[in-house]
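Read the structure below first, then the notes.
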Amino acid sequence: TTAENKLLKIAYKKIKKNNALSLTMLDKLYSILSEANKLKRFSCIVFKGYKDGPFSSGADLKDLNLKESSNNLKNYNDKLSNILKLLSSIKVPKVCLVKSFCLGAGLIFAIHTDVIIADEKSIFALPASKLGIKLPDTQIKSISRKFPNKFFLLDIIISARRFTAKEAYNSNLVSQLLSSSNFKESYNLYIESILNNSKETIKYYLSKNL
């Protein structure tokens with residue numbers, strides 16, 4: 001927590017795997033986001049990579065165990081879906097700071113927050129088709145609602161290709177693109193503006209599910 005305890009920063013830290021989201025990390029995320037009364041006192045929640053490293057390279061494939069006999073994939077998707085439900089219920093501005101990679105589960109998580117601020121050199125992808133992963137219906141529906149451009153959504157799902165931050169911005173997936181040279185300075189100014197605004201008024205607009 002920083003800025004007189006008004007800002008909660010949650011940093012993903014699995015450096016060797018570019019901050020891939022493991023089952024353990026999902027459990028910790030769920031535990032933090034479940035504490036509704038504690039979260040209410042914050043004016044903003046920020047999700048980022050540790051020390052401004054990669055946001056997330058997706059799910060930790062070691063945890064998934066993609067063998068048909070394994071139940072790990074269902075377990076992983078259930079945990080992620082529960083977190084996505086929590087995100088929608090938290091009426092505090094939730095900002096993702098994306099740098100380097102925002103792939104798979106990391107991207108699915110990010111698009112369920114309120115604002116995505118991306119470094120101009122960031123790379124995005126939904127590689128489920130490449131990995132042979134069938135996302136559950138609940139996630140498919142929620143992802144579809146978040147993608148204004150359905151042609152673009154089908155493009156990146158079917159091809160599993162990586163796409164640029166500029167493509168993400170042009171498809172209305174990203175709120176702002178920031179220059180790599182002053183990424184940290186720029187996002188700090190933006191977050192400061194949120195902290196200086198009326199907390200109650202922001203809560204009012206978030207409650208409208210804009």
For the atom pair [atom1] ([X]) and [atom2] ([Y]), what is the distance rounded to the nearest 0.5 Å?
X	Y	atom1	atom2	result
Ile83	Leu21	CD1	CG	8.0 Å
Ser171	Asp155	OG	CG	8.5 Å
Leu195	Tyr190	CG	OH	11.0 Å
Ser193	Asn188	OG	CG	11.0 Å
Ile123	Arg161	CD1	CZ	10.5 Å
Asp52	Leu97	CG	CG	7.0 Å

Could you pull out the closest heavy-atom pair between [X] and [Y], with the gap in Å?
X	Y	answer
Leu135	Ala128	CG-CB, 4.3 Å
Pro148	Asn172	CG-CB, 3.7 Å
Ser81	Gln139	OG-NE2, 3.3 Å
Cys44	Ile191	SG-CG2, 4.5 Å
Phe147	Lys150	O-NZ, 2.8 Å
Ser129	Ala160	CB-CB, 4.5 Å

Between Thr24 and Ser22: side-chain donor-acceptor atoms closer than 3.5 Å: no
Between [X] and [Y] (side chain of the first, backbone of the second, donor and acceptor by atom type, cut-off under 3.5 Å), is there such a pair?
X	Y	answer
Asn75	Asn71	no
Ser88	Lys85	yes
Ser43	Lys199	no
Thr113	Val95	no
Ser56	Asn19	yes
Ser144	Ile140	no
Glu120	Leu177	no
Asn82	Asp78	yes
Ser142	Thr138	yes
Ser122	Val98	yes

Does the side chain of [X] reach to within under 4.5 Å of the side chain of [Y], using non-hydrogen atoms?
X	Y	value
Phe124	Leu173	no
Leu61	Leu131	yes
Ile202	Pro93	yes
Leu87	Phe47	yes
Gln176	Tyr187	no
Leu64	Asn72	no

Electrostatic pair Lys141-Asp137, nearest N-O below 4.0 angstrom: no
Qualifying residue, where the test is salt bridge (Lys or Arg N to Asp or Glu O under 4.0 Å) with Asp114 and the options are Lys146, Lys94, Lys91: Lys94
With Lys79, the salt bridge (Lys or Arg N to Asp or Glu O under 4.0 Å) member among Asp63, Asp27, Asp60: Asp27
Would you kindly confirm whether [X] and [Y] end up in one hydrophobic cluster when ILVMFWY residues are joined by side chain heavy atoms under 4.5 Å apart?
X	Y	value
Phe42	Ile10	yes
Tyr12	Tyr30	yes
Met25	Phe101	no
Leu107	Leu103	no

More than 12 heavy atoms of other groups within 6.0 Å of Lys51 NZ: no
Exceeds 12 heavy-atom contacts within 6.0 angstrom, atom CZ of Phe152: yes
Aromatic ring pairing Phe109/Phe55, orientation class (parallel under 30°, perpendicular over 60°, tilted between): tilted
